[in-house]
Structure formats: C-alpha cells, structure tokens
2 protein chains.
Amino acid sequence: MARKPLTKPRKHASQERSRATVDALIEATARILVREGFDKASTNRIAEVAGVSVGSLYQYFPGKDALVAAVIERHHQEIMQVVRAALAEIASQPVKKGVRRLVAAAIEAHRIDPKLHRVLAEQIPRTGRLENVEAFNRETYALFRTYLEGHSDEIRMVDLGLAAFVCGTSIEALTHTAVLHRSDMLSDEAVGKLVDETTRLVVGYLQ
Amino acid sequence: MARKPLTKPRKHASQERSRATVDALIEATARILVREGFDKASTNRIAEVAGVSVGSLYQYFPGKDALVAAVIERHHQEIMQVVRAALAEIASQPVKKGVRRLVAAAIEAHRIDPKLHRVLAEQIPRTGRLENVEAFNRETYALFRTYLEGHSDEIRMVDLGLAAFVCGTSIEALTHTAVLHRSDMLSDEAVGKLVDETTRLVVGYLQ
DNA sequence: GGAAAATAAGAGCCATCGCTCACATTCTAT
DNA sequence: ATAGAATGTGAGCGATGGCTCTTATTTTCC
C-alpha cells in the first residue's frame with residue numbers, strides 16, 4: 001500500500017506562522033461558542049472568524065470535535081491552575097481555614113470565564129471524545145483527598161474517599177450554580193455569604 | 001387573506017388512533033435518545049422507529065425540539081411525583097427524619113430512568129425552548145423552603161431561601177453524580193452510606 | 001537563486017437534516 | 001352509503017455542514 005502523504009499530516013505545527021493559525025482557530029472557536037452558541041460553531045464559520053481558510057483548519061485539527069476539545073482543555077487548564085494553587089497553599093492549614101480558602105478558589109475559578117464555562121456545561125454534548133470532563137473532576141477529588149489525609153486528626157470520618165466525594169461535589173455544585181445561574185448572588189456581600197455558608201456546610205460535615 | 005387549513009392544524013389529537021401516534025413518537029424519541037444518542041435523533045429516524053411517517057410527525061409536533069421537550073416533560077413529571085410525594089409525607093416530621101426521607105426520594109427519582117436522565121443532562125443543548133430545565137428545580141426549592149419554614153424552630157438559620165438553595169443544590173448534585181457517574185455507589189450498602197452522609201451533611205448544616 | 005517542504009486558500013462534493021406537500025387511507029356522522 | 005373531516009404517507013426540496021482536493025503562496029535551506 002502506498003502512503004497518503006497528502007491527507008495525513010493533519011497534526012503538528014512547527015513554524016511560527018502555523019502556531020498563530022492554530023491559536024487563532026482555538027480562540028475563534030471559543031468566541032463563537034460564547035457569542036453565538038454551539039450549533040453556530042461550524043467549521044466554515046470558525047475558519048471565517050479566525051481569518052483562515054477551512055483547508056488550514058483541517059491541517060491542524062481532525063474535525064470540529066477536536067477544536068471544541070482544545071477549547072475545553074485550555075479552559076480546564078486555567079481552572080486547574082487556580083485550584084491547584086489553592087490546594088498547595090492550604091496544605092498545612094487547618095481544615096476550617098483551608099476549606100474556606102478552597103471555596104473561595106472554586107468561585108474564583110468559575111469566574112475566569114463564566115460565559116464560556118456555561119456554554120461548555122450546557123451546550124456541548126458530552127459524547128464520544130468529549131466525555132472526559134469527568135477525568136478533570138477526578139483530579140480535584142484526588143488532590144482534595146490528599147489534603148484530607150494530611151488532616152485526618154481533625155476529621156471524624158474514616159472513609160476519606162467518600163468524604164472527598166461529598167465535599168467536592170457539593171462545593172462544585174454550589175459555586176457552579178451560584179456563579180452561572182444566580183446573578184443575584186454575585187455582589188461582594190452575597191458572595192461572602194455564599195463562602196460562609198458553603199464553608200460551614202463542609203466543615204460541619206467533616207468535623 | 002385565505003386560510004391555510006392544510007399546514008396549520010399541527011396540534012391536537014382527538015381520535016384514538018392519533019393519540020397512539022403521538023405516544024409512539026414520544027416513546028420512539030426517548031428510545032433513540034437512550035440507545036443512540038441525541039444527534040441520531042433526527043425527525044426521519046424518530047418517525048421510522050415510531051413506525052410512522054415524517055408527515056404524521058409534523059402533524060402533531062412543530063419540530064424536533066418539541067419532541068425532545070415532550071420527553072423531558074414526561075420524565076420531569078415522573079420525577080416530581082416522587083419528590084412531591086416525599087415532601088408531602090415529611091411535612092410534619094422533624095428535620096433529621098425528613099431530610100433523610102428526602103434524600104432517599106432524590107435517589108429514587110434519579111433511578112427511575114437513569115440512562116434517559118443522563119442523556120437529558122449531558123447531551124441535550126439547553127438552548128432556546130429547552131432552557132426551562134431550571135424552572136423545574138425552582139419548584140423543588142420552593143417546596144423545600146416551605147418545609148423549612150414549617151420547621152424554623154429546629155433550624156439555626158434566618159435566610160431560609162439561602163438554606164433551601166444550599167441544601168437543594170447539594171442533595172441534587174450528590175444523588176445525581178452518585179447514580180449517574182458512580183456505579184460503585186449503587187450497591188444497597190453503598191447507597192445506605194450515601195444517604196447517611198448526605199443526611200448528615202445537610203442536617204448538620206441546618207442545625 | 002532555486003528546489004523542496006510547509007503552509008494557506010477556498011470552490012465544491014456529498015451526506016444529512018428539517019420540513020413540506022400532494023396524495024391516500026380511515027373514521028365519523030348522517 | 002357517502003360526504004367530509006381526520007389522519008397517515010413518503011418522495012423529495014432547499015439548506016447547511018463537514019470535509020477534501022487542487023492550486024497558490026510562503027518559508028527553509030543549500
């Protein structure tokens with residue numbers, strides 16, 4: 001069988017020009033998702049907004065899904081940076097203070113790009129190659145569990161995996177819902193209240 | 001202007017035959033969503049699976065969205081029946097017992113048709129006419145808040161709206177995630193543990 | 001300077017999808 | 001029995017979308 005050098009290289013960029021093209025495509029995808037919604041994000045439109053041709057698009061991405069996946073990946077990296085930083089910071093802090101800081105970080109993370117976060121959560125079908133959204137949550141759980149292990153003397157529970165699941169899921173759900181669906185909870189005062197309540201919920205549960 | 005009797009009547013069914021058609025269409029939509037996923041649910045395919053022609057489909061539904069909306073509606077009615085029953089039952093029970101019963105009901109509700117629930121949660125773009133998924137949650141919150149108001153003497157908090165938000169969001173997130181993404185938590189034993197923990201989380205927070 | 005590799009362009013193929021419409025069949029009521 | 005309403009049929013139109021392929025331009029390297 002002969003090779004297919006023409007269609008195959010749909011992969012890496014090496015020159016600077018092409019890296020710019022790749023960036024423009026990802027950025028355009030994100031913009032369209034936010035401004036026009038998922039079903040307007042056709043490959044033709046993405047290329048158009050990126051100021052690039054469809055042909056170029058398919059040089060670097062095997063299809064539409066890959067573009068969306070790249071946007072998700074980028075967004076999750078940003079979020080995880082905030083979360084990891086917070087977890088590192090609280091490693092040696094007592095539970096009450098640590099959880100409080102973590103809740104604040106969760107809100108901060110959701111505020112990085114709420115509109116994009118919302119589209120990703122509500123409009124992207126989690127199917128096929130896009131179902132690894134959970135994998136990202138697993139990392140958070142694992143990290144938080146490690147934190148709990150280092151503070152097991154402050155905690156009444158035995159099953160720290162379960163504890164991490166309960167706390168992690170609650171914190172994520174509360175901050176996610178508040179930031180994305182309750183604009184009435186976004187004043188500084190209301191956010192403070194939310195942090196208070198969530199912290200109380202979690203700390204009360206752990207101790 | 002002349003009337004357009006041909007295209008207009010796309011609405012109600014009166015004979016029994018047509019009611020069967022409508023049911024078959026909704027049922028077919030649900031089946032396809034579960035077995036093949038959202039993007040396979042084209043109007044042609046739905047009609048085919050329902051054993052009906054596309055033309056008939058458009059006699060009763062203005063479009064694909066309406067079909068999906070009907071499936072969502074039916075599913076939510078089933079869920080709300082369980083939730084409302086539980087809330088009615090606990091109305092005069094103390095918080096600890098009541099919350100426990102409510103958590104069990106939430107799990108029960110998610111178990112009615114987990115596969116469909118998952119598809120609805122993960123694959124249906126919440127856009128346009130389909131964004132009223134939240135309205136359904138609001139009812140639960142309102143009902144739960146009413147319960148809390150009747151037991152305010154057992155509760156430390158002042159802002160019962162906020163309390164209902166925190167508790168409702170947590171219960172929903174925990175039961176949803178456990179049933180749909182943690183098959184390891186579905187043994188009788190694990191479910192019991194989950195109910196215990198969720199109840200403790202919420203009751204500890206309220207009191 | 002020039003060949004070859006890398007990158008970009010974009011017209012257009014092909015498949016699919018939502019939906020219509022002209023027509024066929026069945027039901028209801030007189 | 002039969003008119004007319006209700007219901008059912010399905011080929012196919014128009015639009016759109018994903019993606020390919022040929023051709024053009026730019027960059028690299030000698």
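Sequence lines set the chain letters: A, B, ... in the order given, protein chains first and strands last, and positions in each chain run from 1.
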A.B. asks: Which residue pairs pass the ring-ring contact (aromatic ring centres under 6.0 Å, His included) test when at least one of the two sits in residues 25-44 of chain B, sequence neighbours left out?
C.D. replies: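 Listed once each, the pairs would be none.
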A.B. asks: Got a sec, which residues hit side-chain hydrogen bond (donor to acceptor under 3.5 Å, both in side chains) with A:E122, two or more places apart in sequence or on another chain?
C.D. replies: A:R118, A:H181
A.B. asks: List the residues meeting side-chain contact (heavy atoms from CB on, under 4.5 Å) with B:D23, not counting sequence neighbours, and say none if there are none.
C.D. replies: none
A.B. asks: Between C1' on D:dT7 and CD on B:E16, what's the gap in Å once rounded to a whole number?
C.D. replies: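 Rounding to the nearest Å, CD of B:E16 and C1' of D:dT7 are 14 Å apart.
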A.B. asks: What pairs with B:Y147 under ring-ring contact (aromatic ring centres under 6.0 Å, His included), at least two apart in sequence or on another chain?
C.D. replies: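 B:Y147 satisfies ring-ring contact (aromatic ring centres under 6.0 Å, His included) with B:H151 once adjacent residues are dropped.
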A.B. asks: Could you list the protein-to-nucleotides 9-14 of chain D atom pairs, N/O on both sides, closer than 3.5 Å?
C.D. replies:
from	atom 1	to	atom 2	distance (Å)
D:dT9	OP2	B:S53	N	3.0
D:dG10	O6	B:G55	N	3.4

A.B. asks: Between atom CG in B:L67 and atom P in C:dG18, what is the gap in whole Å?
C.D. replies: 10 Å
A.B. asks: Do you see a donor-acceptor pair shorter than 3.5 Å between the side chains of A:E73 and A:Q77?
C.D. replies: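 Looking only at side-chain atoms, A:Q77 and A:E73 do form a donor-acceptor pair, the distance falling under 3.5 Å.
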A.B. asks: Taking the side chain of B:R17 as heavy atoms from C-beta outward, which of C:dG18, D:dA6, D:dG18 is closest to it?
C.D. replies: D:dA6
A.B. asks: In whole Å, I'd like the distance from the CZ atom of B:F61 to the C1' atom of D:dG8.
C.D. replies: 15 Å
A.B. asks: Measure CZ/A:R19 against P/D:dT26 and give the value in whole Å, please.
C.D. replies: 19 Å
A.B. asks: Roughly how many Å is it from OH in A:Y60 to P in D:dC19, rounded to a whole number?
C.D. replies: 18 Å
A.B. asks: When the distance from CD1 of A:I46 to C1' of C:dG10 is rounded to whole Å, what number comes out?
C.D. replies: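 So the two atoms are 17 Å apart, to the nearest Å.
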A.B. asks: With A:H110, which residues qualify under ring-ring contact (aromatic ring centres under 6.0 Å, His included), at least two apart?
C.D. replies: A:H117, A:H176
A.B. asks: Under 4.0 Å between a side-chain N/O of A:T21 and OP1 or OP2 of C:dA8, yes or no?
C.D. replies: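 True: A:T21 side-chain N/O within range (under 4.0 Å) of C:dA8 OP1/OP2.
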A.B. asks: Establish, with yes or no, whether the OP1 or OP2 oxygen of C:dG18 is under 4.0 angstrom from a side-chain nitrogen or oxygen of B:T43.
C.D. replies: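 B:T43 to C:dG18 OP1/OP2: side-chain N or O found under 4.0 Å.
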A.B. asks: Taking the side chain from A:T198 and the backbone from A:V195, do they hold a donor-acceptor pair closer than 3.5 Å?
C.D. replies: no
A.B. asks: For A:Y58 and D:dC19, what is the distance between atoms OH and P respectively, to the nearest whole Å?
C.D. replies: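 Between P of D:dC19 and OH of A:Y58: 4 Å.
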A.B. asks: Mind calculating the distance between NZ (B:K64) and P (C:dC19) to the nearest angstrom?
C.D. replies: 9 Å
